[in-house]
Each structure stands twice: as structure tokens, then as C-alpha cells.
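Working notes, beginning with the structure itself.
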Amino acid sequence: MKYISTRGQAPELTFEEAMLTGLARDGGLYLPVEIPVMTQDEIAALAGLPFEEIAFRVMWPYVSGSFGESEFKEIIGRAYEGFGHDARAPLKQLNENHFLLELFHGPTLAFKDFAMQLIGQLFEVALKRRGDRVTIVGATSGDTGSAAIEAFRGLDAVDVFILFPHGRVSEVQRRQMTTPADRNVHALAVDGDFDDCQAALKDMFNDFDFRDGVKLAGVNSINFARVLAQIVYYFSAAVSLGAPHRKVSFTVPTGNFGDIFAGYLAKRMGLPIDRLVVATNQNDILHRCLSGEGYFKGDTIPSISPSMDIQVSSNFERALYYAYGEDGGAVAQLMDELKNGGFNVSQGAMEALRESFDSGRVSEDETLATIKSTLTHSAELVCPHTAVGIKVAEEHRSTDVPMITLATAHPAKFPAAVEKASGAHPPLPSRMSDLYERPERVTRIANDLGTLEDHIRRHIAE
Ligand SMILES: *Cc1c(COP(=O)(O)O)cnc(C)c1O
């Protein structure tokens with residue numbers, strides 16, 4: 001499979017090249033030249049298989065040519081062996097026709113482990129084969145950073161630098177980033193918000209001297225390999241509820257649009273997904289856009305679901321690419337307008353988006369109330385992000401199509417909000433119970449491109 005940029009001005013790459021590069025040189029995001037389709041029989045045959053086997057069958061057409069078949073199977077096996085649940089992504093019933101897809105059984109207790117653990121193994125195999133090394137820089141609103149650190153810690157060919165907004169991540173999130181002792185792990189607390197971290201990262205990728213000098217690689221949700229790994233659990237969940245013979249819908253707590261975009265690809269691959277529902281907190285640019293109000297930046301407002309506190313959703317560019325009929329020039333123009341505040345979506349593109357997506361927005365009070373009511377009515381303690389999803393899902397639930405809400409993090413990652421809402425204290429799984437005792441290692445740093453680049457140059461391969 002070859003990969004092209006959403007802005008149409010970067011060279012076509014193989015899967016391996018697109019994965020190692022992250023952001024395209026024209027500023028765009030990589031996508032496969034065509035979306036592979038699975039037949040209804042191939043989808044039906046996934047029912048009852050182990051998660052790893054479903055992962056192989058779903059992802060293989062995207063990676064073939066870059067990895068061998070048995071090599072890729074071994075990579076998948078190593079990626080998910082550290083998960084705390086044999087089903088990897090178990091489904092739980094909440095209510096009639098409403099199910100919770102638990103994506104928090106990985107090493108950092110959030111869904112990002114699904115993609116990041118796989119990427120760590122893919123990078124290791126690809127870099128060893130090339131005799132190369134890279135510097136991974138990521139920006140995180142909380143969960144990406146720890147997931148990247150867990151995936152790359154201790155590897156020889158990789159340094160990991162994670163930028164996170166100082167004081168704006170939960171204590172568990174921060175400790176998961178600052179307590180790994182491996183020398184190739186570097187946690188940077190930036191004086192700014194998540195959008196500042198994300199902007200600094202983009203600027204580093206656009207500084208070609210720096211980018212080539214440190215062999216910069218990105219594993220943020222713009223990396224296509226991350227999107228790819230997330231397609232798998234849409235298939236595993238849907239077939240366990242009767243797909244392809246029965247349609248299903250998904251509600252996804254959304255920030256950067258990476259997770260739900262994987263659902264869109266699953267649908268385009270032939271999985272009978274009825275609706276893909278975008279659930280946002282008070283940072284609702286996506287809900288406003290899908291409601292027809294255009295895509296205009298606001299200020300980021302800190303919330304109790306911090307991993308969704310974004311001003312713009314970087315992966316939405318991929319959805320726009322398809323909504324605009326795969327016209328890279330049109331996407332490039334929209335992204336230019338976004339620099340000056342935003343843009344209106346054309347009528348044709350709006351219709352294309354509405355064929356797949358619905359949306360809803362949840363306030364802070366509603367999030368807290370949903371945590372409490374979910375505990376009361378379904379005996380499940382959920383994290384604030386998941387609660388945002390459950391609330392929006394209830395508003396979009398129908399009687400004939402099962403709704404699956406993605407549970408994106410374990411409640412113990414956000415103990416303060418969960419306890420405030422429900423009175424119940426969510427304990428950490430026993431394998432992490434000493435997190436609060438481990439020493440922290442972190443550098444506080446100014447939100448300034450030169451300072452950040454200089455720091456990274458000086459701390460590579462220490
Ligand atoms: C990252 C994250 C999200 C948002 O996912 P996107 O792919 O950015 O839309 C939601 N919930 C949690 C817990 C997360 O870590």
C-alpha cells in the first residue's frame with residue numbers, strides 16, 4: 001500500500017516511510033491511496049477470533065510490502081501481551097442496546113495504548129532493519145505522552161521527548177510520564193496549554209534543519225499507524241454484536257478526531273456502521289462544525305475531561321479530505337484559512353460528513369451527573385471522558401441498532417473528578433499501586449521553539 005498526503009503536495013510513501021515520518025512535508029497527513037475493503041464473508045469470519053488475529057486480518061492490507069506476514073503477527077503479539085485483560089478490548093452492557101467498549105486495559109490505562117504499543121514494536125523492527133535511530137517528539141494533553149513513553153522506554157534506537165502543558169494534566173497522567181527511569185525518556189512540562197504544545201511540535205516538523213538533524217519522528221495521533229491500530233477494535237466489537245448481519249453505531253469521546261476517524265475507515269472498509277457519534281466536552285469545535293456553524297477556533301477551556309481539551313482537531317483534516325472528494329488543494333486552502341481563525345465547510349462537504357457523523361456536546365455538570373447515574377443504574381464507575389460519551393450516546397440511541405460507547409480511560413486516571421461525582425474512589429489496578437511513591441524526573445520549559453529545539457538537541461542519546 002502507498003500513502004499520500006491530504007494536501008496533495010508531498011511524495012507518495014510506503015507504510016513504513018509514512019509511519020517513520022509522521023507529518024507530511026507539505027504539512028498534510030498521510031492516508032492510504034485507496035481504502036482496502038473487506039467482503040461480508042471476511043468480516044463474518046472474524047467473529048470469535050482472538051483480538052490479535054482480528055488485528056492481523058484488519059491491518060494486513062495496510063502494511064503489506066513493509067513487513068512480512070509472520071513478522072507482523074509477532075509484532076502484534078508483542079504489542080498486546082502486556083495488557084491486563086485477555087480479550088484486550090472487552091464489551092460490557094450498560095443498558096438495553098447500549099454497550100461499553102473497555103479500551104483501558106493497557107499499560108497506561110487509556111485507549112492510546114492500543115496504537116502506541118503497536119507503534120513501539122513496529123518502530124523497533126523497522127529501525128533495526130535500517131540500522132537507524134530516531135528522536136520521537138510528542139505533544140500530549142495527558143494520555144498520549146505516557147502511552148508513548150511506555151511504548152518506547154528502554155529501546156536503543158529511539159529517544160522520546162514528550163511535551164505536556166504544565167499543571168494541566170492529572171497527577172496520575174503526570175506521574176506516568178515522569179516516573180519511568182529509562183535514560184531515553186524525557187518529560188518536558190511546557191508553560192502553555194495543549195494547543196501550544198501541539199503548535200510547537202508542528203513548528204519543529206516544519207523546521208527542516210532541525211527535523212533532519214535530530215531525525216525527528218512523530219507518534220502523535222496524526223501518525224497514520226496510530227489510526228490504523230484503532231480500526232481493529234471497531235471490528236472486534238461490531239462482530240461480537242452480530243455484524244456484518246446487524247448494523248451497529250459508535251459514540252466516541254473525541255478530541256483530536258483520531259479515534260473516531262479510525263471508525264470512519266472501518267465503515268469505509270465494509271463494516272456496517274450506522275452512525276459515528278462525536279462526543280465533545282465544552283471544547284466543542286467539532287460539535288459546532290457538525291452542527292453547521294463552520295470550523296472556527298475558540299479558546300481552550302480546561303475541563304474535567306482534559307484529554308479532550310483542544311481548540312482544533314488535527315485528524316479532522318483527514319475527514320475533510322474525503323468530504324471534499326479527495327481534493328488536496330481544497331484541503332490545503334482550508335488549512336490556510338484555519339491559521340486566520342477558521343473556515344466554513346461547503347454544502348457538499350457538510351452533506352458528506354453528515355452521511356457518517358452525528359455529534360453532541362456535554363457540560364461539566366452533565367459529565368459529573370453521568371458518572372453518578374452510570375454507577376447507580378449500571379454499576380460501572382467510568383472516567384469523565386467516557387461519561388461524556390455515554391451522555392451523548394443516550395441522546396442518539398435507537399431501539400433497533402446497538403450503540404457502543406468507547407470507554408477511553410480507566411476511572412483511576414481521573415480520581416478527583418470521579419470521586420467528586422460519585423463519592424466512590426477508583427483504585428489503581430494492583431500492578432500500578434506504587435505510582436505515587438516513585439520518584440519523578442521532569443524539565444519545566446518555556447513555550448519557545450528555540451528553547452525546546454536546543455534542549456532536545458543537547459539531550460539526545462545521553
Ligand atoms: C486522547 C483521548 C481522547 C480523545 O481521542 P482523540 O483520538 O484525540 O479524539 C478521549 N479520551 C481519552 C481518555 C483520551 O486519552
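Remember, it's 1-based here, ligands and their atoms both numbered in the order they're listed. Quick caveat, the model's predicted, so the values are computed rather than measured.
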Considering only protein heavy atoms, which is closest to [atom], and at what distance to one decimal place?
atom: atom 11 (N) of ligand 1; result: Thr408 OG1, 2.9 Å
atom: atom 10 (C) of ligand 1; result: Pro253 O, 3.6 Å
atom: atom 9 (O) of ligand 1; result: Gly255 N, 2.8 Å
atom: atom 14 (C) of ligand 1; result: Lys112 NZ, 2.8 Å

For [X] and [Y], which I'm curious about, is there any donor-acceptor pair between the side chains at under 3.5 Å?
X: Ser221; Y: Asn315; answer: yes
X: Lys112; Y: Gln230; answer: no
X: His98; Y: Thr405; answer: yes

**Report entry** 4.0 Å heavy-atom contact, Ser221 with ligand 1
**Finding:**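 In this structure, Ser221 fails to qualify as a contact of ligand 1 - no heavy atom is under 4.0 Å.
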
Pull out every atom of ligand 1 sitting under 4.0 Å from any heavy atom of [X], numbered as shown with elements.
X: Gly258; answer: 6 (P), 7 (O), 9 (O)
X: Phe257; answer: 6 (P), 8 (O), 9 (O)
X: Thr254; answer: 9 (O)
X: Asp259; answer: 7 (O)

Report task. Indicate, as side chain, backbone, both or neither, the part of Phe111 found under 4.0 angstrom from ligand 1 when only non-hydrogen atoms are considered. Result ->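 It is the side chain that touches ligand 1; the backbone stays farther off.
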
Requested in this report: With heavy atoms only and a cut-off of under 4.0 Å, state how Lys413 meets ligand 1: side chain, backbone, both or neither.
Outcome: neither

**Report entry** Whether over 12 other heavy atoms sit under 6.0 Å from Lys297 NZ
**Finding:**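 Count over threshold, so yes.
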
Salt-bridge test for [X] and [Y]: reply yes if a basic N is under 4.0 Å from a carboxylate O, no otherwise.
X: Arg88; Y: Glu52; value: yes
X: Glu394; Y: Lys391; value: no
X: Glu351; Y: Arg354; value: no

Requested in this report: Apply the side chain to side chain contact (heavy atoms under 4.5 Å, CB included) test between Val160 and each candidate in Leu155, Val134, Ile136; give the one that qualifies.
Outcome: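 Of all the options given, the one that passes is Ile136.
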
Query - From the candidates Asn256, Asp113, Thr140, the one that places a heavy atom nearest atom 6 (P) of ligand 1 - result: Asn256

